[in-house]
Amino acid sequence: MLEKIDSLISEVEIFNADTAEQLEEFRLRFLSKKGHLAAIFAEMKQVLPEDRKSFGQKVNELKNKAEEKIKFFSEKFEFKGDETIHGLDLSLPGEPIQLGSRHPVSIVRNDIVEIFNRLGYVVAEGPEIEDDWHNFTALNFPPEHPARDMQDTFFMDDAIGMALRTHTSSVQVRVMQTTKPPIRIIAPGRVYRNEAISARAHCLFHQVEGLYIDENVSFADLKQTLLYFVKEMFGEKSTIRLRPSYFPFTEPSAEMDVSCNICEGKGCNVCKYTGWLEIMGCGMVDPNVLENCGIDSKKYSGFAFGMGIERIAMMKYTIKDLRLYYENDERFLEQF
Ligand code: PHE
């Protein structure tokens, strides 16, 4: 038995592999379940107790030498890029890495931000979990006021008095509290509403709201700013229309429609044959709101506006269902 092991040891010592196949064959012959070492281990029981020690040493020597050979040659083959030690061929071209693309909401948000940047607006941000005062009370929605029904949201425990913000107007409040006019900001961000999910409504969406406060800011400034935005966003031919509306924090308030960019105002199924699409709310900041935030309403006036990014992206790319934005379906996302 010992002689057999000795002869196997010399066989290992003189072994030389030219190819990976030869090395693999060697490995199978010595180290696999059906190889020499397994067979020797199986015979171990029959060895006399007094011989076991020397026998064990020989077996270990054989095992270590066989493993060293394998290690040596595998490194050599791997280094040369020879094929298939581990099925790896370093000379082959790599797997293609797919490039991702920006989400349509991000693309349109960046477009909007860029346009307002050119007019001197800077981006402001605030928390998504907001207290009642910043989201509602400071903006003239006192508790129990029916206007709160327009923006139902997800409330935390009553004792904490926090809720998911329903609009980024709360960011405007934060900026007015801490900054002296003139103020020119836009607040992009995610907002939440307690709404049933459908093709046209979701419990979360994204907004860009804007605020301009200075001395002698008038409704004419508001109108011209928004007209400029629309022409930059949808093209020179686009026009706007303002309709009287109501928001607790602006007076007067308006809804702004833009001429349908698909039919150029002639009427189609996207604009429901009206030639107009509603894209934002706007108005002159209510003096109460300015005072709530520590701004002298006798000296300063301002305007505010807010729009949903998803809605603008829907127009830009003719997307028909709001739910597509949040489903992470690559077939949808890779189109942008
Ligand atoms: N905050 C309003 C909303 O989310 C939008 C708005 C902003 C309207 C500013 C007027 C002025 O519906």
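Side chains included, hydrogens not; waters and symmetry mates left out as well; all remaining heavy atoms used. Indexing begins at 1, ligand by ligand and atom by atom, following the structure's order.
Contacts between Met307 and ligand 1, counted as non-hydrogen atom pairs separated by less than 4.0 Å, are absent for every part of the residue. Contacts of Met280 with ligand 1, taken as heavy-atom pairs under 4.0 Å, are absent altogether. Heavy atoms of Phe249 found under 4.0 angstrom from ligand 1 belong exclusively to the side chain.
Below 4.0 Å from some heavy atom of Arg193 lie the following atoms of ligand 1, by number and element: 3 (C), 4 (O), 12 (O). Shown in contact with Phe305 at under 4.0 Å from a heavy atom are these atoms of ligand 1, numbered in order with element: 7 (C), 9 (C), 11 (C). With ligand atoms numbered from 1 in the order given, ligand 1 contributes 3 (C), 4 (O) to contacts under 4.0 Å with heavy atoms of Gln207. Residue-ligand proximity, Cys282 to ligand 1, at heavy-atom distances under 4.0 Å covers atoms 8 (C), 10 (C), 11 (C). Every atom of ligand 1 with a heavy atom of Gly306 under 4.0 Å away is listed here by number and element: 6 (C), 7 (C), 9 (C).
Between Arg148 and Thr137 the shortest side-chain heavy-atom distance falls below 4.5 Å. With a 4.5 Å cut-off on side-chain heavy atoms, Glu21 and Phe26 do not count as touching.
Within the structure, the closest approach of Gln151 to ligand 1 falls below 4.0 Å when heavy atoms are considered. Ligand 1 lies out of reach of Phe303, whose nearest heavy atom is not under 4.0 Å from it. For the pair Met150 and ligand 1, no heavy-atom separation below 4.0 Å is found.
Checked for salt-bridge contact, Glu327 and Arg323 miss the test: no charged N lies under 4.0 Å from a carboxylate O. Taking 4.0 Å as the cut-off between side-chain N and carboxylate O, Lys69 and Glu13 do not count as a salt-bridged pair. Look at Arg29 and Glu11 and you find a salt bridge, because one of the NZ, NE, NH1 or NH2 atoms lies within 4.0 Å of a carboxylate O, short of that distance.
Checked against His206 for a side-chain contact (heavy atoms from CB on, under 4.5 Å), the options Arg311, Arg190, Arg109 give a single hit: Arg190.
The nearest heavy-atom contact from the protein to atom 2 (C) of ligand 1 is Glu209 OE2, 3.5 Å.
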Task: Steps toward ring-ring contact (aromatic ring centres under 6.0 Å, His included) verdict (His103, Phe336) - done: CA-CA 7 Å; His103 193 282; Phe336 302 96; 7.5 Å; no

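Ring pair Tyr212/Phe303 is perpendicular by interplanar angle, where above 60° counts as perpendicular and below 30° as parallel. Phe305 and Phe116 have parallel rings, their planes meeting at less than 30° on a 0 to 90° scale where 60° marks the start of perpendicular.
Checked against a 3.5 angstrom limit, the closest N/O atoms of Ser169 and ligand 1 fall inside it.
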